[in-house]
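One structure is given here, and the rest of the page talks about it.
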Amino acid sequence: MNHEQSENLGGGADIAFSYAPGKIILAGEHAVVYGSPAIAATLDRGVRIAVQLRKSDQKGPVLKASGLGFVGHVRPDPDGEGPEVLRKALTRLVELYGDRVCELELMVDSAIPAGRGLGSSAALSVAMIRGIHRFFGEYVSSEVVAELALALEKVFHGNPSGIDHTVISQGGLIWYKKESTDACVCKISPKRVMHFAVGLTGPHAGTKQAVQALRSRASRHEGLYQHIFAGISQIAAEMRLAITEGKLAAVGELMNLNQGYLNALAVSTPELEKLCTMARDKGALGAKLTGAGGGGAVIALVDDDPKPIVDAFAKAGYLSFATKCETE
Ligand code: MEV
């Protein structure tokens, strides 16, 4: 923990509020774990947290959850209530910050459907960190937020590439490439606003599991998988250019190509394919799964109005919403 890098702003608040958005990946998920570049953007919905001194006498930090795929109270107690991974994340929070966080209550309200590849755990991590620092009246740099968020993301996802918490802590649209010890991160400025329809299938089995299963498949045919990752790298590079030039038809075409590779990597499902086809039939410029796959969400890029596709997803019985990447 880098408290030395935190500047004390004096005081602290009775209650502090924080927010972090969810994310979508436009190109390069999974391949990014192996060093290929990827493109990600923040969603215009996220996790809100209110931090205050805990009212109960149970040692905390106490997380009061709503919308994390779980409603109730969670504490860093190995045998306590709530999902084990959340209890472990709170234990890690105590390791990172020390006993002072045991006095806190974190009221979480998440508008990001959990387990759908939309970055709910990374948003929770970033929002908790921002909220705790704000409560204690401490400035925290975005580098320190990212460092702490990675420590929490490791609890949720094992050994993540880092793309989720990076885009969520920086905001906007980014190019992300994992290097041996660090990452190359660049902001991308879209020339045109990009509108997406998002359709949700059931929750996936977990990012950690999806990444591990792919690693095991890849180890049996290393050369072939390297070929696929190289193809995805080229998609990301061409997409970056198309986004900055406002060539949305090309971005959509590249999303479709990326989806073909994701299917080849066996992280797509018949339901995700069905939603992609539905979106393309309804006029989407392109559609692909986003995140770890094996369930979760599909994003469909449209020229202007995402409503017909959002409605088509809803009519077919899938939760859906619209989101967009703004120009800067
Ligand atoms: C998950 O949002 C993205 C993956 O590429 C995993 C990772 O990058 O750590 C599947």
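Numbering of ligands and ligand atoms starts at 1, following listing order. Sequence positions, counted from 1, serve as the residue numbers for this chain.
Hydrophobic cluster membership differs between L96 and V62, with clusters built from Ile, Leu, Val, Met, Phe, Trp and Tyr side chains linked at under 4.5 angstrom.
Every atom of ligand 1 is numbered from 1 in the order shown, and the set under 4.0 Å from a heavy atom of P160 is 9 (O). Atom numbering of ligand 1 starts at 1 in the shown order; those under 4.0 Å from a heavy atom of I163 are 8 (O). Close contacts between ligand 1 and E29 involve ligand atoms 5 (O) [criterion: under 4.0 Å to a heavy atom]. Atoms of ligand 1 found under 4.0 Å from any heavy atom of V32, numbered from 1 in the order shown, are 5 (O), 8 (O).
An N or O contact shorter than 3.5 Å links K23 to ligand 1 by distance. Checking only distances, S161 does come within under 3.5 Å of ligand 1, N or O to N or O. Residue D164 places at least one N or O, backbone or side chain, under 3.5 Å from an N or O of ligand 1.
For atom 3 (C) of ligand 1, the nearest non-hydrogen atom of the protein is I25 CD1, 3.8 Å.
The closest approach between a heavy atom of H30 and any atom of ligand 1 is below 4.0 Å. Residue A292 places a heavy atom under 4.0 Å from ligand 1.
Between D303 and R192 there is a salt bridge, with a side-chain nitrogen of the basic residue lying less than 4.0 Å from a carboxylate oxygen of the acidic one.
Inspection of the S121 and H157 side chains reveals an N or O donor paired with an N or O acceptor under 3.5 Å.
Note: F229 and Y225 have tilted aromatic rings, judged against thresholds of 30 and 60 degrees for the angle between ring planes.
For CD of E245, the number of neighbouring non-hydrogen atoms (other residues, nucleotides, ligands) closer than 6.0 Å is greater than 12.
Checked against a 6.0 Å centroid threshold, the rings of Y97 and H133 count as neighbours.
Between E238 atom CD and N258 atom CG the span is 12.0 Å, to the nearest 0.5 Å.
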